[in-house]
Amino acid sequence: MRRKIVAANWKMNLTHDEVKPYLDSFLTEVGEVTDVQIVFIPSYTSIPALAMALEKSPTPIELGAQNVHWQSSGAFTGEVGAAMLRALQVKYVVIGHSERRQWFGETDELVGKKVVTALHAGLYPLLCVGESLSEREENRVEEVLERQLRKGLGDCPPQDLSSVVIAYEPVWAIGTGRTATAAQAQEAHAFIRSVVASAFGPAAAKSIRVQYGGSVKPEIAQALMSQNDIDGALVGGASLDPVASRKSSETLLKRCAQPARFTEANATKIKL
Ligand code: PGA
């Protein structure tokens, strides 16, 4: 049984002194949650403040980072290494986010190296893959996903694959307000699982968690999460409002607690 995972990617938002008020507000809304794994992903400078605040959280919330360098240490001015993150109680790390691919020139090869470095340091990579709008329009979704997955996971030791979470984030949906339909996302997630099956075997494909990301909002989280191959959400913009973030988690919780209500037939009736 794959445990649902909801991660809040704050991107370049929230200073260290805004973290505690955010957390207090989130916890007031959400109460005690254990069924769904929640991960907060602040910018580097807010990690220590969040780590400290989370120590007293009644709801277990994991700490994530938005990036990591592909070398463990060395002369790389301005970069942050995996061991530095581990030393701050960081557990998850986003790797290959489309904003890093687009604005910072990160290639599939670099992404693959980062995955290995993160695993080696004991971090759980949150590997982002997804096609651009033109790639979708050219019917190249599967080709792009397969390339990104094969390179991103190419050097991942098979025994470490269970530590990886994949995030399907179509680039055209990120920060645009244009969410993939549940059917589009399910199709991509099923394909991702088939690529993992061909590379690592059917058991690995069945157990790996695949999140959806791209303009996830509380009102559509339920339809997405009721799909067979969608195991959670990577939420950007909506996570900056702790109340909206709480609602996303809540719909996921309902999905976990009452699976019978969210049959495939019901899911297709939910209009996005
Ligand atoms: P968004 O961002 O929810 O604002 O589209 C998602 C992401 O970039 O991970």
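Start at 1 and go down the list; that is how both ligands and their atoms are numbered.
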Partner of Val141 under side-chain contact (heavy atoms from CB on, under 4.5 Å), picked from Asn139, Val144, Leu145, is Leu145
Flag yes if more than 12 heavy atoms outside Asp24 fall under 6.0 Å of its CG atom; otherwise flag no. yes
Ligand 1 N/O to protein N/O, distances under 3.5 Å:
from	atom 1	to	atom 2	distance (Å)
ligand 1	2 (O)	Lys11	NZ	3.2
ligand 1	3 (O)	Ser215	N	3.4
ligand 1	3 (O)	Gly236	N	2.9
ligand 1	4 (O)	Gly237	N	2.8
ligand 1	5 (O)	Gly175	N	2.7
ligand 1	5 (O)	Ser215	N	2.7
ligand 1	8 (O)	Lys11	NZ	2.7
ligand 1	8 (O)	His97	NE2	2.6
ligand 1	9 (O)	His97	NE2	3.3
ligand 1	9 (O)	Glu169	OE1	3.3
ligand 1	9 (O)	Glu169	OE2	2.7

Using a 4.5 Å side-chain heavy-atom cut-off and chaining through intermediate ILVMFWY residues, the residues clustered with Leu110 come out as Trp70
Going by chain and number, the hydrophobic cluster around Phe104 (ILVMFWY, side chain to side chain under 4.5 Å) further includes Trp103
Show me the donor-acceptor pairs, under 3.5 Å and distance only, between side chains in residues 161-177 and residues at least two apart or in other chains.
from	atom 1	to	atom 2	distance (Å)
Tyr168	OH	Glu131	OE1	2.9
Tyr168	OH	Glu131	OE2	3.0
Tyr168	OH	Arg136	NH2	3.3
Glu169	OE1	His97	NE2	3.3
Trp172	NE1	Glu131	OE2	2.9
Thr176	OG1	Trp172	O	2.8
Thr176	OG1	Ala173	O	3.3
Thr176	OG1	Arg178	N	3.1

Closest non-hydrogen atoms of Ala118 and Val93, given as atom of the first, atom of the second and distance, are CB-CG1, 3.8 Å
